Structures are given as structure tokens and as C-alpha cells.
Amino acid sequence: MGSWALRVLIAWLLPPGFDEAYYFLYTQHWDWSYFDHPVMVALTTAVGPWLTGYIAPLTIRLGALVLYGLSTGLLYCSGRRLFGPSVGMWAVAIASLCPLFIFSFGLLAAPDNGLIFWWSMAIYVAVLEFFPIKKPYRPTAKIAFIGLLLGLVCLSKYHGFVLGLSLVGFCITSSQHRRALCSPWMGVALVLFGVTLTPLVYWNIQHHWLSFGFHLSTRFDGSDRAMFNPLAMLGVWLVGVAYLFPSLGFPLWWVSGRSLWQLDNLQKRFVLWLGLPIALGFTLLGGLTHIYPAWPAPGLWSLSLLLAAAMVDWSLSTVRRWLVGSALVMAALLLFALGHVAFGTLQKPGGVIEMLAPATDPTTTMIDVVQLRRLLNEGAVADAIATTNFLVTNEFWLSGYVDMAVSPLTQAPVMAFSQDPRGHSVWFHPTEWVGHSGIFLTIDDYDQAEILAVYAPYFEKFDLLEVLETKRAGATTETFYLYALGQLTTPYKYPY
């Protein structure tokens with residue numbers, strides 16, 4: 001309950017991040033799939049605004065808050081079936097405390113919300129299938145259901161393909177479970193898996209396989225690491241441990257490594273197959289290129305069952321001191337950080353302890369869209385927005401913030417004219433907007449003379465309309481420049 005209350009508080013007060021603002025754009029441009037990710041993130045992000053009719057950080061995160069509770073319930077069921085009720089309970093405790101899990105899966109609007117829900121569901125059904133109670137294993141129709149669930153995992157994030165291969169790997173290495181691979185139900189599972197992927201495949205066929213190309217090649221273009229760097233990999237691993245929280249991260253990896261010498265235990269071997277390929281694979285990849293902490297997180301989520309199983313052998317007093325101590329320190333740190341991000345407690349000027357100037361404070365990059373909406377809904381700016389045909393920004397992520405702010409005010413679309421347009425290159429064809437008038441919106445991070453030089457040639461005019469400032473603790477955190485454009489005279493050319 002305490003973890004849930006903390007997540008709700010953070011979801012309410014924390015301004016949306018770059019990715020969250022961009023995923024909100026998905027909900028404004030419904031399609032079978034998207035440039036960066038499959039369709040599930042659009043559904044989980046949209047559910048809050050659908051139910052409440054209001055666009056705010058808390059509402060776009062409502063899907064994450066609900067799904068995480070269901071995911072931890074499924075984790076409990078898997079732990080209970082594999083190792084016993086105590087393991088299920090301790091697994092939920094770990095999932096409720098690890099900041100990496102909370103932020104990746106249970107708080108922010110992200111593809112990982114749907115990913116971990118369907119991942120946990122697939123694992124639970126696989127546990128029911130492969131570990132029947134008091135009878136030898138025989139393949140059942142649950143295999144077909146697993147195929148469907150793996151498709152839904154892939155419609156959340158491409159990690160689902162690895163989970164499918166991991167389940168196959170487990171069956172190959174278990175003599176009693178190899179028969180599952182030859183079962184007629186496996187054929188049904190493959191058919192259901194393929195059918196479930198239809199939206200993803202259909203969209204990519206229509207758009208020249210843009211999504212797969214982005215993730216398999218374009219995303220890693222320009223990497224400055226030509227060779228494997230062990231120190232970089234070690235850094236990635238340590239960052240991952242820090243995000244897990246060290247008092248939980250180090251034991252989790254230690255217990256997982258020790259379990260490699262306990263492969264005669266079929267249940268532990270099963271969990272290792274579920275978690276190690278993702279967790280270790282992405283950690284090793286960190287030695288070659290930049291990775292995000294959320295990428296190995298689903299594997300670590302699975303491996304938490306091994307830590308929970310190990311905790312059963314510890315004294316109850318030790319477990320309580322360890323978990324309560326970790327929870328108190330973690331909650332105190334998160335609330336301290338939240339106080340600064342939301343209220344500027346460390347801001348100079350205006351904070352309780354004046355330390356960080358807004359110009360050098362990275363937390364100010366998260367834009368308060370509700371405050372921005374109020375500013376855009378006043379005076380001449382509100383009139384201009386009400387009559388414009390479109391709004392345009394110079395960054396794909398900035399357009400997400402702008403769209404969150406203006407969606408209740410106007411139906412005009414928000415575009416991004418950028419050489420990294422992501423989904424904008426699919427959602428908009430600038431040739432169709434030639435002859436229509438718009439408003440250009442950018443922020444103080446960019447040199448306005450350069451903005452004028454780059455974008456003015458595309459429009460009939462490029463006149464400064466208004467300068468707006470969002471504030472925190474009385475100090476300016478972001479400055480917005482709005483330009484009246486007149487008509488688009490020359491279509492902007494996207495790179496793809």
C-alpha cells in the first residue's frame with residue numbers, strides 16, 4: 001500500500017518526461033503501429049485521458065499505475081506456484097521497492113507498462129503449463145495461449161521475441177519438456193503468435209519496415225565504440241544496480257549467478273532462462289553501445305523470483321530489517337528528489353536550500369504542461385491558437401509537450417519540422433499543409449537567430465508573437481517563443 005501511495009504521489013507531481021510527452025502524440029494519431037514502438041503504449045497512455053477527460057501527468061500515467069498492480073499480482077502467482085507462498089510474497093516486496101521496476105513499469109507512461117504485464121502473464125501461464133501439480137508433464141492447450149501472450153508482449157516491446165526464444169531454450173534443455181516443441185499445440189501457438197503480430201507487420205509493410213530498421217540499424221548508427229569495452233559494460237552494470245537500489249541490486253545479481261550452479265533444480269533453471277538472456281544480454285551490449293536501464297529490466301524482474309526464493313532461508317528478522325531499511329531510505333530519497341522537481345526545494349533562488357540555478361538544473365527540462373496550458377489560454381495567444389491551422393516545433397519531443405498543453409484548447413495538429421522527426425514523418429505530409437497558416441513554438445535552449453535562419457524560408461512570415469515563461473518557486477524554468485507564421489510556402493522535407 002505504501003509503494004502504491006508513493007507511486008500515485010510521484011505520478012501526480014512529477015512533470016512528464018520527453019518520452020512520455022512523445023507517447024502522448026501516439027494517442028493523437030491512432031494507427032496499427034508506430035515508428036518507435038508497437039501499439040500497446042498508445043493504449044496504456046490513452047486510458048487515463050479517456051476515463052477522466054483531462055490531460056495531465058497523472059492521467060497519462062493511470063494505465064501504468066493500474067497495470068503494475070496486476071503485474072505484481074501475476075509475479076506473486078508465479079512465485080507461489082514455483083516455490084511457495086512465501087516466495088510469491090517476497091517477490092512482490094522486491095517489485096514494490098526497486099526504483100528500476102517502479103519507474104520502468106509502474107509509474108511512467110512507457111511501452112514497458114504493457115510489456116511487463118503481458119510478460120508476467122505469459123510467465124504465469126508457462127508456469128501452469130510446465131509445472132503441473134503431482135503429475136508428469138504433458139503438453140496442453142496452454143501452449144497455444146502462451147503463443148498469443150507472446151504476441152501481445154511483442155505488441156508492447158520487441159523484448160517479447162527474446163522471451164519466446166527463452167521459453168524454447170528451456171524446453172530444449174529439459175528432457176521432460178522437449179515434447180512441448182513437437183506438440184500440435186505448438187503449431188497453434190505459432191499461428192496465434194503470427195496473427196497477434198498482424199498490426200505490427202501490416203504497419204511496417206505499409207511504411208517500408210521503418211520500425212525494424214530504426215531499432216536494428218538506424219538507432220545504433222554513429223556509435224563511437226568500435227570494440228567491446230569491459231569498463232563500459234561494468235559501468236552499465238553498476239548503473240543498473242544503482243537503479244535497482246544497491247541493497248537489492250547486488251543480492252539479486254549474486255543469487256542469480258549462484259543459481260547457475262543449481263541447474264539440477266528445474267524451477268530455478270526455468271527462471272534463469274526467463275531472466276538471464278535479457279538481463280545479461282543487454283548488460284553485455286552496454287560494452288558496445290549506449291543502452292537504457294529499462295532494457296534489461298524485464299529480465300531482472302524475472303530473476304527477482306530467485307532472490308525471493310533465497311530469502312525464504314533467511315531469518316525473518318533479517319529480512320524485515322533489510323526490507324524496511326531499504327524502503328525507508330529509498331522512499332526518503334525519492335520524496336526528497338520529488339520535492340525539488342515539483343517545488344524547487346533546492347532551487348536558487350526560491351528554494352528552501354538554495355543550491356541549483358534553473359539554467360544549470362537538469363530537472364527543469366521536464367515541462368509543466370498544465371502551467372503551459374494556462375499561459376497559452378490567455379489573451380492574444382489564445383486567440384491565435386484558436387484560429388491557427390497547425391502548430392509546429394523544431395523537436396519531435398517538444399511537439400509532445402505542446403500537444404499535451406493545447407489539445408484541450410484546439411483541434412489543430414502539432415507537427416515537428418526536424419531531421420529527427422520520428423513518427424511525424426508518418427503522421428504528416430508537409431505538402432498537404434502548403435497554403436495553410438500556423439504558429440511556430442520553440443524554447444530558449446535554441447538560438448533564436450538560428451531558428452529564424454533555418455525555418456523562416458518555409459513560411460510567408462516569421463514574426464515573434466509572444467514570449468512565455470513557466471515558473472517554479474518564483475523563478476523562470478523555461479522560456480517559450482511563439483512565432484506567427486502566416487502560410488506554409490515550401491514543404492519541409494523529412495529524411496525518411
Side-chain angles (χ1 to χ4, degrees), residues 1-28 30 37 40-73 95-117 156 294 330-331 333-345 362-377 397-409 414 470-473 477-478:
M1 182 62 70
S3 175
W4 182 83
L6 180 61
R7 288 191 293 116
V8 171
L9 182 65
I10 297 173
W12 174 38
L13 295 176
L14 185 70
F18 292 174
D19 287 343
E20 292 183 290
Y22 176 54
Y23 296 141
F24 174 76
L25 289 174
Y26 286 21
T27 70
Q28 305 298 93
W30 287 106
H37 292 291
M40 199 66 67
V41 65
L43 299 173
T44 58
T45 304
V47 64
W50 276 349
L51 292 175
T52 64
Y54 186 64
I55 299 169
L58 178 59
T59 60
I60 67 169
R61 294 165 176 160
L62 187 61
L65 294 170
V66 172
L67 284 179
Y68 195 65
L70 299 175
S71 299
T72 53
S96 300
L97 291 178
C98 283
L100 177 61
F101 297 158
I102 292 173
F103 280 89
S104 296
F105 307 138
L107 175 60
L108 305 180
D112 306 86
N113 312 143
L115 165 69
I116 208 61
F117 172 71
S156 303
M330 184 269 293
L333 291 174
L334 287 180
L335 289 173
F336 180 78
L338 179 65
H340 174 62
V341 175
F343 305 113
T345 54
T363 66
T364 61
T365 59
M366 293 183 290
I367 296 172
D368 185 341
V369 294
V370 176
Q371 184 181 166
L372 178 59
R373 183 181 302 148
R374 289 197 297 267
L375 295 173
L376 295 174
N377 198 28
W397 52 265
L398 180 58
S399 62
Y401 284 116
V402 174
D403 210 333
M404 286 187 69
V406 304
S407 283
L409 311 178
V414 181
T470 55
K471 297 181 181 294
R472 183 183 66 185
T477 53
E478 191 62 85

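Here the structure is a predicted model, which means the values were calculated and not measured.
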Is there a side-chain contact between Leu43 and Trp30 in this structure, where contact means two heavy atoms from C-beta onward sitting under 4.5 Å apart?
yes
Rounded distance [0.5 Å steps], CZ in Arg374 versus CG in Leu409:
12.0 Å
Within-4.5 Å side-chain heavy-atom neighbours: Leu9 and Trp4
no
Give the minimum heavy-atom separation between Ser96 and Ile102, together with the two atoms involved.
O-CD1, 3.3 Å
Pairwise distance CG(Leu398) to CD1(Ile367) - rounded to 0.5 angstrom
5.5 Å
side-chain hydrogen bond (donor to acceptor under 3.5 Å, both in side chains): which pairs involve residues 16-27, sequence neighbours left out?
Glu20-Arg61, Tyr22-Asp36, Tyr23-His37, Tyr26-Asp36
Atom pair OG1 (Thr470) and OH (Tyr401), whose distance is rounded to the nearest 0.5 Å:
11.0 Å
Are the side chains of Ile55 and Val370 in contact, using a 4.5 Å heavy-atom criterion?
no
Closest non-hydrogen atom pair, Ile116 against Ser71
CG2-OG, 3.5 Å
How long is the straight-line distance from CG of Leu338 back to CG of Leu334, given to the nearest 0.5 Å?
8.5 Å
Using modelled atom types and a 3.5 Å cut-off, is there a donor and acceptor pairing between side-chain atoms of Thr45 and backbone atoms of Ala42?
no
Search all heavy atoms of Ile60 against all heavy atoms of Pro57 and return the closest pair with its distance.
CG1-O, 3.3 Å
Any side-chain heavy atom of Leu108 within less than 4.5 Å of one from Asn113?
no
Hey, is the main chain of Asp368 close enough, under 3.5 Å, to the side chain of Arg373 for a donor-acceptor pair?
no
Rounded to the nearest 0.5 Å, the CG atom of Leu14 sits from the CG atom of Leu107 at a distance of 7.0 Å
For Trp12, I'd like to know if atom CH2 has over 12 heavy atoms of other residues, nucleotides or ligands within 6.0 Å.
no
Side-chain touch Ser399/Leu25, heavy atoms, less than 4.5 angstrom:
yes
Test applied, side chain to side chain contact (heavy atoms under 4.5 Å, CB included); reference residue, Phe117; option that passes from Leu67, Thr44, Asp112
Leu67
For Phe343, I'd like to know if atom CZ has over 12 heavy atoms of other residues, nucleotides or ligands within 6.0 Å.
no
Under a 3.5 Å cutoff, is there a donor and acceptor pairing between the side chains of Glu478 and Thr364?
no
Can you see whether Thr59 engages Thr52 through a side-chain donor-acceptor pair at a distance of less than 3.5 angstrom?
no
In terms of heavy-atom contacts, Pro99 and Met330 come closest through CG-CG, 3.7 Å
From Leu13 atom CG to Leu58 atom CG, the distance as rounded to the nearest 0.5 Å
9.5 Å
Val47 vs Leu51 side-chain heavy atoms within contact, under 4.5 Å
yes
Indicate yes or no for a side-chain donor-acceptor contact from Ser156 to the backbone of Met40 under 3.5 Å, with no hydrogens or angles considered.
no
Is any side-chain heavy atom of Met404 closer than 4.5 Å to one of Pro16?
yes
A side-chain contact here means heavy atoms from C-beta on lying under 4.5 Å apart; do Tyr68 and Phe101 qualify?
yes
Answer yes or no: is there a donor N or O on one side and an acceptor on the other, between the side chain of Gln371 and the main chain of Lys471, under 3.5 Å?
yes
Using the salt bridge (charged side-chain N to carboxylate O under 4.0 Å, His left out) rule, collect all pairs that involve residues 43-53, keeping only residues at least two apart or in two chains.
none
